[in-house]
Each structure stands twice: as structure tokens, then as C-alpha cells.
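Have a look at the structure below, then the notes.
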Amino acid sequence: MSPADVLVVGAGPTGLTLACDLARRGVAVRILDRASEFPRGSRGKGLSPRSLEVFDDLAVVDRILASGATHVPHRKYRGAEVVAETDPEAGRVPTPDIPYPVGLMIPQWRVEQILRERLDDLGVAVERDAELRSFHQHADGVTATVGGTEIRARYLVGCDGGRSTVRKALGLGLRGRTPDVQLMAVGDVEVDGLGRDAWHQWFTADGAIMLCPLPGTDAFQVQASHELDRDGSPLEPTLERFQQTFDRVAGIPTVRLRNLSWRSTYRVNVRMVDQLRVGRVFLAGDAAHVHPIAGGLGMNSGIQDAYNLGWKLGLVLAGTAGAELLDTYEEERLPIASWLLDITSERLDAVLAAIRVTGGGVDAVASPELTQLTLRYPWSRLSRHIPGRTVGPVPGDRAPDAPLRDAVTGAPTRLFDLFRGPHFTLLGLGERCAAALGNVATGIVRPYLVGPGGFLDDGAVADGYGTDALVLVRPDGHVGLVADQTEAEAVADYLRCL
């Protein structure tokens with residue numbers, strides 16, 4: 001087997017996002033998965049607005065959006081009677097700064113399929129039936145044993161889930177707790193007698209069952225209380241037991257479940273590692289943090305981990321940045337993982353309280369934080385604060401979108417079009433920034449003037465960012481530096497210190 005710059009272990013959404021990001025940077029990446037066949041179970045079924053922005057940057061968002069659904073109503077029943085119907089994201093519409101304001105319902109297997117297709121376009125294929133046996137680190141890389149073969153790489157990233165082989169080999173534990181919350185049975189079924197226009201939900205003293213249509217398929221994801229044996233121990237989920245739960249909780253004889261194509265059992269854990277890096281080996285996604293499913297942030301947080309790590313590995317491997325840049329992955333993402341455990345636990349408590357008190361449902365999980373649009377890194381060494389400026393995003397914030405027009409042709413474009421790609425973006429806000437833009441080396445930076453002589457702003461950029469400033473946007477869409485319009489040297493110094 002040929003060597004690699006980066007060996008990615010695990011081909012779920014986290015590993016695939018990382019591999020796509022690395023491959024578009026020209027990094028020699030290999031991605032392995034122990035499974036012999038690609039999974040078809042729904043598992044995670046929603047993407048956050050911030051994940052959609054990541055996929056916009058990776059040039060797959062159109063395919064993702066075409067495969068999913070938004071504004072799926074939550075329909076709650078008492079027996080056959082509809083007692084409430086809500087859209088937790090009602091009223092959220094695209095704005096100049098937020099083009100993807102609502103989450104997308106989409107089965108995880110479809111997300112993975114689209115990312116594999118993008119990876120194929122970039123000349124990389126997932127290596128299946130390739131189980132990592134062991135690895136050891138040395139001065140200039142990592143040697144991994146996969147099956148009976150050794151693979152040498154400069155870095156290894158474990159994206160291999162909650163039972164991560166990589167994490168265990170590093171001797172890192174998932175510290176935290178397992179709350180006393182009932183197990184949930186999950187599966188993909190087809191359903192006769194229910195429409196596909198809503199997420200159907202029943203919550204009673206006898207248990208709970210929810211049936212959510214999976215876009216682009218004939219299936220519903222079923223989430224249900226476990227059936228128990230005589231000793232009160234949970235039984236393995238089967239089609240017959242899902243039907244038994246439905247009959248007991250919902251009691252609608254005309255609704256029949258059939259064709260169970262995937263099943264699993266879910267136990268709530270609130271756990272994370274205390275470090276994301278050991279030498280040349282990194283952890284991302286569920287390999288590093290597991291938490292309640294409330295809010296659907298599992299798949300999404302892994303995507304954000306990968307997006308944070310990819311550009312840093314790319315710059316270090318290209319020799320454009322020093323290896324110490326890789327320290328900022330843990331510096332930035334470990335506090336986010338801790339926050340993630342807190343917010344999902346809080347949201348789970350809110351859902352359980354709503355069920356107990358009002359018979360409510362999973363819409364009680366709704367919270368602005370779950371969009372992931374407010375996640376920021378103000379504490380990071382990569383967030384350079386220039387005192388005195390009080391308008392627009394500050395270093396560490398997500399860089400908002402805004403519409404623009406070409407000064408010559410009048411053709412419309414947007415900031416996200418300028419950001420898209422593996423580069424830093426330097427915005428000069430106002431014509432007086434033109435000279436400063438010309439003094440910035442453009443090896444890893446693309447400079448753009450917003451104002452006369454550059455792109456024209458109808459007001460959205462000024463509203464979102466202010467004027468008369470230089471704004472350096474990182475490859476992952478977070479602001480790195482905001483400087484005065486004349487301070488090109490501050491930008492050059494930032495880049496030299498990467």
C-alpha cells in the first residue's frame with residue numbers, strides 16, 4: 001500500500017468531510033473503513049445550518065439540499081386524534097447574512113453517499129473492509145497496521161466513532177456519565193396508514209413512539225421505548241416489537257409497520273476525552289465526544305471538528321505554517337465539545353420535562369444554539385483582536401454572508417462565493433483599503449475590495465461588517481483578524497505567525 005500524508009480512519013460524515021477538505025488542498029489522503037459495505041441505516045437524520053455552510057464550501061450543498069427536506073411539522077397525537085402541530089423553525093427565512101437558516105432533514109447514509117461522490121471527484125476512494133489493527137508513532141509520522149499491511153502516514157486522524165479503535169490505542173478514555181434515562185430503540189421501517197407530511201409523535205405513560213419520514217426514500221425512522229422482558233430488561237428491537245410498541249402507545253389499528261431495514265439501540269451517554277491530540281494522532285467526532293441526541297448535533301459536531309482540522313493540516317503539510325498551528329485544533333474544539341455535552345444534556349432535560357408535564361414532544365429541544373451559527377473561538381490564539389473597533393464580527397466569530405455585484409458586469413455574487421475554497425480571504429471594506437490589499441502577499445490569501453473599483457455592495461456588507469477595515473477570514477469561515485484599513489502589515493504578521 002502506498003504512503004499518505006494523512007490517514008483517516010472511519011468513513012462516516014466526520015471522516016468524509018475531512019478527507020474531502022484535505023483532497024481539495026492537494027493532500028495525499030487515504031480514508032479507511034472497517035465495514036465491507038457502506039451503511040444504509042438512517043442513524044443521524046439532520047444537518048444544522050452551519051453544516052450546510054460547510055457543505056457549501058465543499059461544493060456539495062446543492063446535492064445535499066436536493067436530497068433533504070426543511071420545515072417538517074411535528075405532529076403530536078393522542079391515539080388517532082391530532083392534539084398539536086408545530087414547526088419549530090417557522091418564520092426562519094434566508095437573509096443576506098444567513099443563506100441556510102433552517103436545518104435539513106436527511107438520512108445520514110445519503111449525506112455519506114454525497115460526500116463519497118465528491119471524494120471520488122477529487123480522486124480519492126474509501127477503502128472498505130480495511131480494519132485498523134494497531135499503529136505506532138515515530139519522529140516523522142505514524143505507521144499503521146491495516147489487515148496484514150503497513151501504511152505510513154505523516155498524520156493519523158481517528159474518526160471511527162464512539163467505540164474508536166484509535167482512541168483506545170492512545171489510552172484515552174471517554175470521561176463523563178451515563179444518565180439514568182431509558183434506552184431507545186431506533187430503526188428504519190415502511191409504514192402503511194400514515195402520511196409523509198409530518199414527524200408523527202406519541203407520548204404517553206405507557207411509552208413513546210415517533211415516526212419521521214426520511215426524504216428521498218419510502219422509509220420512516222422509528223424511535224420508540226424499548227419493549228421489556230418479564231424482568232424489566234430491554235429486548236432487542238424487531239419489527240414485531242416496534243409494532244407492539246405502536247399498538248400499545250398509539251393504538252391505531254389501521255397503521256402497520258413493515259420492512260424493517262435497519263435497527264439499533266441507543267443509550268444516552270455524556271462523555272468526552274480530555275485531549276484531542278497525542279503527537280501525530282488526532283481524534284474527531286464521536287471518537288472524541290458522545291452526548292444526548294437532543295438537537296441532532298452528533299453528526300454535525302463531527303463535521304465541524306473535521307472542518308476545523310482540515311485547513312490546519314493542509315497548511316502544515318504544505319510547509320506554509322508551522323506544526324504548532326495543529327495545537328489550535330484542540331485549543332478551539334475541546335471547549336466546544338464541553339459546551340456540546342452541556343447544551344445537549346440541557347435540551348434532553350427540557351424534552352423529558354415537556355413530556356412529563358404537558359405531553360409535549362421533541363420540539364421542546366429547539367434552541368438558537370443548535371443552529372451552530374453562533375459557535376465562535378474568541379479565546380483562540382488565531383483570533384487577533386485590534387482594539388477600538390465596535391462594529392461587525394470580531395475575531396473568532398463566524399463570517400456572515402452578504403450579496404455583492406461585479407463592478408463591471410453587474411453580475412450578482414456573494415461573500416460565500418469569495419470564501420469558497422481552501423484559501424484565506426482578505427476583504428478590504430471601502431476604496432481606501434485598495435492600497436493595503438496590494439501590499440499583501442497572495443500565496444494563501446485572496447484579497448477582494450468591496451467598494452468603488454471592486455465588488456459593489458448594496459448595503460448588506462456594510463450592515464454586517466462595517467466599513468473602512470481589513471477583515472481576514474480563515475479557510476473555515478471564521479474571522480481571524482480585523483484591522484484598520486491601512487494596517488496591511490497586521491495581516492502579513494498574522495500570516496507569518498501561523
Side-chain angles (χ1 to χ4, degrees), residues 1-33 51 53-61 111-128 130 132 135 140-144 146 151-160 166 276-277 279-285 287-288 299 301-330 332-333 382 419-424 443-444 474-478 498:
M1 287 188 174
S2 59
D5 289 330
V6 180
L7 180 63
V8 178
V9 181
T14 302
L16 288 166
T17 298
L18 179 60
C20 286
D21 198 14
L22 292 171
R24 69 172 176 161
R25 298 172 188 281
V27 172
V29 58
R30 294 180 62 176
I31 177 168
L32 317 176
D33 200 280
S51 290
E53 293 183 353
V54 172
F55 291 147
D56 183 315
D57 184 39
L58 294 179
V60 295
V61 74
V111 175
E112 294 174 359
Q113 183 182 54
I114 291 169
L115 289 173
R116 287 196 304 268
E117 290 168 357
R118 174 64 174 139
L119 197 56
D120 286 342
D121 293 341
L122 293 165
V124 179
V126 175
E127 300 173 40
R128 290 182 286 176
L132 177 72
F135 61 86
D140 59 351
V142 181
T143 298
V146 179
I151 301 176
R152 289 180 62 89
R154 293 177 66 183
Y155 296 97
L156 184 150
V157 186
C159 306
D160 50 341
V166 176
L276 297 177
R277 178 188 184 189
R280 290 176 171 267
V281 181
F282 300 83
L283 296 174
M299 172 167 56
S301 294
I303 290 167
Q304 308 305 322
D305 285 348
Y307 195 49
N308 184 284
L309 179 59
W311 70 272
K312 297 170 181 178
L313 281 169
L315 288 184
V316 171
L317 287 164
T320 310
E324 59 273 13
L325 177 63
L326 299 176
D327 295 336
T328 67
Y329 170 62
E330 180 174 291
E332 293 184 343
R333 292 304 297 175
L382 298 179
F419 297 165
R420 189 178 301 111
H423 54 271
F424 281 82
I444 61 171
R474 301 172 4 170
D476 62 353
H478 284 267
L498 286 175

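Residue numbers start at 1 and run along the sequence shown.
- To the nearest 0.5 Å, atom OG1 of residue T320 and atom CZ of residue R25 are 10.5 Å apart.
- In this structure, the side chains of D56 and F419 stay at 4.5 Å or more apart for every pair of heavy atoms.
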- [ ] Show your reasoning for whether side-chain contact (heavy atoms from CB on, under 4.5 Å) applies to L498 and I444.
- [x] CA-CA 12 Å; L498 286 175; I444 61 171; 4.2 Å; yes
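- When side chains are defined from C-beta on, L276 does not count as touching E332, because their heavy atoms never get closer than 4.5 Å.
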- [ ] Starting from the C-alpha separation in whole Å, work towards a yes-or-no answer on side-chain contact (heavy atoms from CB on, under 4.5 Å) for F135 and I151.
- [x] CA-CA 9 Å; F135 61 86; I151 301 176; over 6 Å; no
Open item on the list: Please evaluate residues R277 and D327 with respect to the criterion salt bridge (charged side-chain N to carboxylate O under 4.0 Å, His left out), reporting the C-alpha separation (whole Å), side-chain torsions for both, the decisive distance (0.1 Å), and the verdict.
Closed with: CA-CA 8 Å; R277 178 188 184 189; D327 295 336; 2.6 Å; yes
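- With rounding to the nearest 0.5 Å, the separation of CG in D160 from CG in D33 is 9.0 Å.
- Applying the side-chain hydrogen bond (donor to acceptor under 3.5 Å, both in side chains) test to E330 and every residue at least two apart in sequence or in another chain returns nothing.
- Of all heavy-atom pairs between A284 and V157, the closest is CB-CG1, 4.5 Å.
- Between D140 atom CG and R154 atom CZ the span is 8.5 Å, to the nearest 0.5 Å.
- Atom CG of L326 is separated from atom NZ of K312 by 8.5 Å, given to the nearest 0.5 angstrom.
- Closest non-hydrogen pair, L119 versus A23, comes out as CD1-CB, 4.2 Å.
- In this structure F424 satisfies the ring pair (Phe, Tyr, Trp, His ring centres under 6.0 Å) test together with W311, sequence neighbours excluded.
- Looking at L16 and V126, their side chains come closer than 4.5 Å, going by heavy atoms from C-beta outward.
- Side-chain N or O atoms of D305 include none that pairs as donor or acceptor with a backbone N or O of T14 at under 3.5 Å.
- With respect to the salt-bridge test (charged N to carboxylate O, under 4.0 angstrom), the residues R116 and D120 do not qualify.
- Scanning both residues, L115 and C20, for their nearest heavy atoms gives O-SG, 3.5 Å.
- For the pairing with D57, the salt bridge (Lys or Arg N to Asp or Glu O under 4.0 Å) check across R474, R420, R24, R118 returns one residue only, R24.
- G310 and L22 get closest at one heavy-atom pair: O-CD2, 3.6 Å.
- The heavy-atom pair separating S51 from Q304 by the smallest distance is OG-NE2, 3.1 Å.
- Taking 4.5 Å as the limit, every side-chain heavy atom of L313 sits out of range of all side-chain heavy atoms of Y329.
- Among all heavy-atom pairs drawn from P13 and E112, the shortest one is CD-OE2, 3.2 Å.
- Taking the six-membered ring where the residue is Trp, Y155 and F282 present tilted rings, their angle falling between 30° and 60°.
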Open item on the list: Using the rule given for side-chain contact (heavy atoms from CB on, under 4.5 Å), can you reason through M299 versus T17, listing the C-alpha separation, both sets of side-chain angles and the distance that settles it, and then say yes or no?
Closed with: CA-CA 11 Å; M299 172 167 56; T17 298; over 6 Å; no
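- L7 is not listed as a side-chain neighbour of V142, based on a closest heavy-atom distance of 4.5 Å or more.
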Open item on the list: With side-chain contact (heavy atoms from CB on, under 4.5 Å) as the criterion, how do V146 and R30 come out once you've worked through the C-alpha distance, each side chain's angles and the decisive distance to 0.1 Å?
Closed with: CA-CA 12 Å; V146 179; R30 294 180 62 176; over 6 Å; no
